[in-house]
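Worksheet for the structure shown next.
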There are 2 protein chains.
Amino acid sequence: MILAKKKIFTDFALSKGLRSTRQRDIILDIFLSTHQHISVEELYLKVKSSTPDIGQATVYRTLKLFAEAGLAREILLHDGQTRYEHVVAGEHHDHLVCTKCNSIVEFENETIEMLQNEIADRHGFQIRNHKLEIYGLCANCR
Amino acid sequence: MILAKKKIFTDFALSKGLRSTRQRDIILDIFLSTHQHISVEELYLKVKSSTPDIGQATVYRTLKLFAEAGLAREILLHDGQTRYEHVVAGEHHDHLVCTKCNSIVEFENETIEMLQNEIADRHGFQIRNHKLEIYGLCANCR
DNA sequence: TTGGTTTTGATAGTCATTTTCAATAAAACA
DNA sequence: TGTTTTATTGAAAATGACTATCAAAACCAA
Ligand SMILES: [Mn+2]
Ligand SMILES: [Mn+2]
Ligand SMILES: [Zn+2]
Ligand SMILES: [Zn+2]
């Protein structure tokens with residue numbers, strides 16, 4: 001599946017006339033090796049420790065490309081930092097966010113997704129994406 | 001209901017040992033006179049036009065207090081500005097956000113709220129609040 | 001290899017928000 | 001009431017995440 005993701009990006013780059021660069025390859029490898037919801041700064045630190053000559057701006061730029069290519073999703077929680085997570089084709093999930101330890105639990109709920117579509121239809125609204133975040137205390141912290 | 005909200009803040013201030021100040025009274029009056037989802041800067045401009053000697057930092061600080069007191073809710077959309085809306089006791093709603101004209105439609109859905117509670121229970125999670133935002137094109141923009 | 005074009009890294013800039021701190025005002029006290 | 005204590009304020013500086021700039025480097029089609 002890592003190969004599949006690399007192909008997604010290669011295809012995207014091709015279709016956009018983007019060049020293949022050492023930096024993008026390395027950043028993609030490292031991003032794919034991570035789990036959970038990583039901030040740009042966190043990813044930059046990983047990248048820097050593997051390849052110190054890659055700059056922060058490049059990490060910002062490249063993560064945006066990954067999101068555009070459809071292999072990453074931007075997550076904005078309430079900590080002032082943009083995070084990215086992997087996108088698995090055809091899957092969607094939402095988040096339970098612990099406000100104490102910042103841990104995140106992912107969940108999927110078909111019924112909620114359906115109800116969202118109904119609501120949007122009722123308002124003549126065309127959904128592009130959505131975000132459902134439940135904040136509170138996780139099992140460990142409550 | 002404006003009086004009720006003022007009382008909410010008075011009680012909160014009392015319980016927190018906060019002092020009653022001219023600035024807080026004025027900012028509360030002006031906030032209560034607004035509708036929709038107002039940004040701090042927008043509210044600050046209103047405040048300044050009524051009372052030019054009130055500073056921006058005070059507006060920031062005071063809106064946070066309103067949120068803490070439970071009479072305002074912070075809204076973070078994707079435009080880089082924090083917005084606040086009125087909280088009506090016992091009511092909750094979520095948002096359809098048009099990514100083209102930035103208009104917001106509010107909606108309520110009991111079933112979604114119930115499902116959220118079930119999901120949280122299933123994960124031993126204690127909900128403090130939640131946020132459901134549906135992004136897309138509104139009826140006018142699609 | 002070359003030459004036009006994209007990408008990069010360092011750095012400066014932006015912008016919303018927060019912090020600092022001395023002056024001021026509110027409550028507590030005498 | 002005046003006095004003391006303490007919170008609050010406004011202006012300005014600081015912060016911090018992100019973006020723009022731009023000259024140098026890398027890419028790649030020919
Ligand atoms: Mn996730
Ligand atoms: Mn609303
Ligand atoms: Zn927790
Ligand atoms: Zn619209």
Side-chain angles (χ1 to χ4, degrees), chain A residues 9-31 37-69 72-84 102, chain B residues 9-31 37-69 72-84 102:
Chain A
F9 187 65
T10 309
D11 292 350
F12 171 79
L14 199 67
S15 76
K16 286 275 179 176
L18 300 180
R19 291 179 179 176
S20 156
T21 70
R22 186 179 66 99
Q23 287 85 340
R24 286 174 181 158
D25 288 347
I26 292 170
I27 295 169
L28 181 52
D29 275 339
I30 294 179
F31 175 65
H37 313 83
I38 194 165
S39 72
V40 185
E41 184 66 20
E42 284 162 2
L43 190 67
Y44 168 59
L45 292 178
K46 279 180 187 289
V47 166
K48 202 168 74 168
S49 77
S50 114
T51 317
D53 63 338
I54 293 182
Q56 197 193 32
T58 301
V59 177
Y60 271 97
R61 288 187 281 235
T62 305
L63 282 173
K64 282 205 161 177
L65 288 179
F66 293 169
E68 208 185 327
R73 175 159 74 127
E74 263 187 45
I75 314 261
L76 297 183
L77 304 181
H78 285 230
D79 65 346
Q81 281 190 284
T82 302
R83 294 175 178 278
Y84 288 87
N102 294 313
Chain B
F9 187 64
T10 308
D11 291 350
F12 170 79
L14 198 67
S15 76
K16 286 274 178 178
L18 301 181
R19 290 179 179 178
S20 156
T21 70
R22 187 180 64 101
Q23 286 87 338
R24 286 174 181 159
D25 287 349
I26 292 169
I27 295 170
L28 181 53
D29 274 339
I30 295 179
F31 175 65
H37 313 82
I38 195 166
S39 72
V40 185
E41 184 66 20
E42 284 162 2
L43 190 68
Y44 167 60
L45 291 177
K46 280 181 188 289
V47 166
K48 200 170 72 170
S49 78
S50 114
T51 317
D53 63 339
I54 293 182
Q56 198 192 30
T58 301
V59 176
Y60 271 96
R61 289 188 278 235
T62 306
L63 282 173
K64 283 206 160 175
L65 288 179
F66 293 169
E68 209 185 327
R73 175 158 74 126
E74 261 187 46
I75 314 262
L76 298 183
L77 304 180
H78 286 229
D79 66 346
Q81 279 189 283
T82 302
R83 294 174 176 279
Y84 287 86
N102 294 313

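Each chain gets a letter, A, B and so on, in the order the sequences are listed, and its residues count up from 1.
For the pair A:Gln56 CD and C:dG9 C1', the computed distance is 11 Å after rounding to whole Å. In this structure, the CG atom of B:Leu45 is 14 Å from the C1' atom of C:dA16, given to the nearest Å. One can place OH of A:Tyr60 at 17 Å from C1' of C:dT8, the figure rounded to the nearest angstrom. In this entry the distance linking NE2 of A:His78 with C1' of D:dA17 reads 16 Å, nearest Å. B:Leu14 has its CG atom 9 Å from the P atom of C:dA28, to the nearest Å. When the C1' atom of C:dA26 is taken as reference, atom CG of B:Asp25 falls 12 Å away, rounded to whole Å. The nearest whole Å value for the distance from the NZ atom in A:Lys64 to the C1' atom in D:dC18 is 8 Å. The distance from atom CD of A:Glu42 to atom C1' of D:dA17 is 14 Å, rounded to the nearest whole Å.
Distances shorter than 4.0 Å separate some side-chain N or O of A:Thr82 from OP1 or OP2 on D:dC18. At least one side-chain nitrogen or oxygen of B:Gln23 sits closer than 4.0 Å to the OP1 or OP2 atom of D:dG10.
Counting distance only, with no hydrogens placed and no angle test, the side-chain atoms of A:Arg24 and the base atoms of C:dT7 include no donor-acceptor pair under 3.5 Å.
Annotation: side chain of A:Leu65 is in contact with side chain of A:Arg24 (closest heavy-atom distance under 4.5 Å).
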- Any chance you could lay out the side-chain contact (heavy atoms from CB on, under 4.5 Å) test for A:Val59 and A:Gln56, step after step, and finish with the verdict? CA-CA 5 Å; A:Val59 177; A:Gln56 197 193 32; 5.6 Å; no
- List the steps and the verdict of side-chain hydrogen bond (donor to acceptor under 3.5 Å, both in side chains) for B:Glu42 and B:Gln81. CA-CA 10 Å; B:Glu42 284 162 2; B:Gln81 279 189 283; over 6 Å; no
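Between A:Gly17 and B:Gln81, the residue whose closest nucleotide on DNA chain C is further toward the 5' end is A:Gly17. Residues B:Thr21 and B:Leu76 both approach DNA chain C. Their nearest nucleotides, taken by heavy-atom distance, put B:Leu76 toward the 5′ side. Taking the nucleotide of DNA chain D with the nearest heavy atom to each of B:Ala57 and B:Arg19, the more 5' of the two is matched to B:Arg19.
Nearest approach of A:Val47 to A:Ile27, heavy atoms of both residues: CG2-CG1, 4.2 Å.
Residue B:Arg61 has its side chain nearest to C:dT19 when only C:dA16, D:dA17, C:dT19 are considered. You'll find that the side chain of B:Ser20 is closest to C:dA27, out of D:dG10, C:dG9, C:dA27.
Here A:Lys48 lies out of heavy-atom contact (under 4.0 Å) with every strand.
The aromatic ring centroids of B:Phe9 and B:Phe66 lie less than 6.0 Å from each other.
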